[in-house]
There are 2 protein chains.
Amino acid sequence: MATMKDVASRSGVSVATVSAVIHDADWVSDSTRARVQRAIEATNYRPNHVARSLKTRRGYAIGAIVSDLTNPFFTEVVRSLSHALRQHDRSLFLCDSDHQFDLGATNLRMMQDKQVDGLIVIGDTVRPRLLAKFLEEAPEVPVIAIERAYDLDGVCCLLVDSEEGGYRATRHLIENGATRVAMINGPEEGAGSTTYGRAKRYEGYRRALNEAGLTFDAALVEQGTFRYESGKAALNRLLSLPTPPDAVFVANDMMALGALEAARNSGRNLPHDLMLVGYDDIPLASLTSPGLTTMAMPKHTLGTTAATLLHKQIETGRPTTASRHMFDATLVVRGSTRAPTP
Amino acid sequence: MATMKDVASRSGVSVATVSAVIHDADWVSDSTRARVQRAIEATNYRPNHVARSLKTRRGYAIGAIVSDLTNPFFTEVVRSLSHALRQHDRSLFLCDSDHQFDLGATNLRMMQDKQVDGLIVIGDTVRPRLLAKFLEEAPEVPVIAIERAYDLDGVCCLLVDSEEGGYRATRHLIENGATRVAMINGPEEGAGSTTYGRAKRYEGYRRALNEAGLTFDAALVEQGTFRYESGKAALNRLLSLPTPPDAVFVANDMMALGALEAARNSGRNLPHDLMLVGYDDIPLASLTSPGLTTMAMPKHTLGTTAATLLHKQIETGRPTTASRHMFDATLVVRGSTRAPTP
DNA sequence: TTGTACGCGTTATCAC
DNA sequence: GTGATAACGCGTACAA
């Protein structure tokens, strides 16, 4: 592997000049610049990123810790992230923490050791106190959180307005004639429980009921685990109520798909006998029949924004205060709430 | 941030001794070792991985290029990989190449620049010629491919015996009474086409037909794109044949789920009117009703083995010859081929 | 059993 | 415009 020295001697200049050429310094004469360029190509020289990092104290990589990569929402965020980072010529260190809080510490340390220039925390694995420690120990490194609201100076949270999302989802059901709207909520503890949207969706649901003058019935609120089976079970319970609901707002798509299955098994005809709205818009939501009406999370935007924001903060330095960016979920209407127009 | 020098002066020894303590050299006296340890803790010293890398020419990270992270099969492989690597104290550089062949070059170069200690190529994005160039330019770096058969010296391919898998899937259908077994195959070009299993599954299908004395009917073989919609469409075509099949072997689960949907829509009752076997065993396959019988890919094993193998090769040096490790897909029987026992 | 000194490939600061 | 040269933090002969 050719080094800068090789290029230098080959083109009869000093390493300083070669470095200058590489970094487009403005003071190099055109003739030497050309000579150096030629030498670079001839030797097939590539700068040694490690040496550069040692000197500049930058890793030119960013780290991402994701609580569960197999969650389709997260998968897409990571994918967008990967592509956005490539544009900025940065690489991505990925850690899946598998909802195990104890792994958070290990993962954070790993990121620190690798001298990442920025950190992205996706989901709910990393405990606030741990992150606070990271902020303290790596005061230069900007941190962005996705779908988790940290109240820590320096952390920038990318959130989706799930109160509004829950509201819109529920209102959509009411506008389509539902009068007894149930909700299958996310878990109050365990995996996914500390996610930003978890509590908010419920709040939006309540607001929509209120606004429409529908009385809230606690029996209509079920709690699931964000997983398929729990949605199926929850809907079965709802359907066996003395007065079952005529519509259900489900806090995420995986549970909604489970609910869809349960509805089918019960012989219900969607959307006539029962309407269903999910949350996330995972790829599969458009593929079932009927298709699943859902609140689409701006997955691509989240990934891309995280990359851009991080890039900016790496240049300008980490902000000293906490901040939040709110994004909207958009209603995607499919067959589970509205019959296809003929 | 404390450096080795700090630790050295604080404990009244030289940096060499500190280094020795860190690397568990056997010649350090217990007393000095203890003293150094204390100093390490007191100063909260952490070795600088970048400096170490510069010296040792190792990055202590491995790179993975995945052709499509949103493919549930790949997602799980990557997840297993991430966890296995943590055990080995290595970190993971991840690139999604999104089925774009041109990105392969960029990604490979990125990995090279980061001085990864090993490379894992998952899926079919990286062209053989490109990989050959990498092998040449980075002669130390072991390379492992998952589900793609490269015939390049030094590359170790982790494959699943899909001929056998296709055979077993088809035989399972025949054993359950099918006499007219169709197949929905993967694409012959484009995304996923150069995957190892693509052609093999078809071969296994043919072998099983042969062995059972069933005559092959070209009209019963459809070609899909590995995606949901294509499976749905393909099954619809099959069902509208003059003599439709009574069972279908589908080359992956996503298409099989599409086929399942089409079967339902046509009013077919599975498994009585029609049997279906998929391939991969993605999480969703167990969740539909009826559940999807499928050939389970050893996703976890693939990820873990890749990590272990790489680890070993990093120690012993990259093998000089090409090699293949074959794994088995296992039949998972669900409702789409066998009625639940009461 | 321990310390000294050099080099890894860059970047950055000067002096020319 | 250009070239020496000193860091960056660590590993490791080699000397003691």
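So that the names make sense, note that chain A is the first sequence line, chain B the second, and so on, each numbered from 1.
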> Could you state the atom-to-atom distance from CG of B:Leu54 to P of D:dT12 in whole Å?
13 Å
> Atom CZ of B:Arg57 and atom P of C:dT10: how far apart are they, to the nearest Å?
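It works out to 10 Å between those atoms.
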> What contact category does B:Arg33 fall into here, base, sugar-phosphate, or nothing, at under 4.0 angstrom with non-hydrogen atoms?
nothing
> For A:Thr3 and C:dG9, is the shortest distance between a side-chain N/O and OP1 or OP2 below 4.0 Å?
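Looking at the OP1 and OP2 atoms of C:dG9, neither is under 4.0 Å from any side-chain N or O of A:Thr3.
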> For the pair made of CE in B:Met1 and C1' in D:dC8, what is the distance, rounded to whole Å?
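Computing the B:Met1:CE to D:dC8:C1' distance gives 15 Å.
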> What is the distance, to the nearest angstrom, from the NZ atom on B:Lys55 to the P atom on D:dC8?
17 Å
> Rounding to an integer number of Å, can you tell me how far B:His49 NE2 sits from D:dG9 C1'?
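About 12 Å, once rounded to whole Å.
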> By the 4.0 Å heavy-atom rule, please label B:Met4 as base, sugar-phosphate, or nothing.
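The residue B:Met4 makes sugar-phosphate contact but no base contact.
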> In whole angstrom, what separates B:Lys5's NZ from D:dA7's C1'?
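Rounded to whole Å, this separation is 9 Å.
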> Before you tell me yes or no, could you show the steps for A:Glu140 and A:Ile314 under side chain to side chain contact (heavy atoms under 4.5 Å, CB included), namely the whole-Å CA-CA distance, both residues' side-chain angles and the distance that decides it to 0.1 Å?
CA-CA 8 Å; A:Glu140 324 267 72; A:Ile314 289 169; over 6 Å; no
> Under 4.0 Å between any heavy atoms, over every strand shown, what does B:Thr32 touch: base, sugar-phosphate, or nothing? Just pick one.
sugar-phosphate
> Mind checking whether A:His311 and A:His88 have parallel, tilted or perpendicular rings, split at 30° and 60°?
tilted
> Rounded to the Å, how far apart are B:Gln112 CD and C:dG9 P?
16 Å
> May I have the distance from B:Trp27 (atom CH2) to D:dA13 (atom P), rounded to whole angstrom?
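In whole Å, D:dA13 P lies 12 Å from B:Trp27 CH2.
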> What does B:Thr17 touch in the nucleic acid at a heavy-atom separation under 4.0 angstrom: a base, only the sugar-phosphate, or nothing?
sugar-phosphate
> Identify whether any heavy atom of B:His23 sits under 4.0 Å from a base atom; if not, whether one sits that close to sugar-phosphate; answer base, sugar-phosphate or nothing.
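Result for B:His23 = sugar-phosphate.
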> Give a yes or no on whether the backbone of B:Ser11 and the side-chain of B:Arg35 come within a donor-acceptor separation of less than 3.5 Å.
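Side chain of B:Arg35 to backbone of B:Ser11, a donor-acceptor pair under 3.5 Å: yes, one is there.
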> As a test of reading the structure: which of C:dG9, C:dG3, C:dT11 is closest to the side chain of A:Ser19, going by heavy atoms?
C:dT11
> Is any side-chain heavy atom of B:Leu54 less than 4.5 Å from a side-chain heavy atom of B:Val50?
no
> Students often get this wrong, so: under 4.0 angstrom with heavy atoms, is B:Val13 touching a base, only sugar-phosphate, or nothing?
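Sugar-phosphate, backbone atoms only, no base.
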> Counting only side-chain N and O atoms of B:Thr56, is one of them less than 4.0 Å from OP1 or OP2 of D:dG11?
no
> Within the 4.5 Å heavy-atom criterion, are B:Glu147 and B:Val160 side-chain neighbours or not?
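Yes, close enough: below the 4.5 Å cut-off.
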> Is A:Tyr60 close enough to C:dT10 that one of its side-chain N or O atoms is under 4.0 Å from OP1 or OP2 there?
no
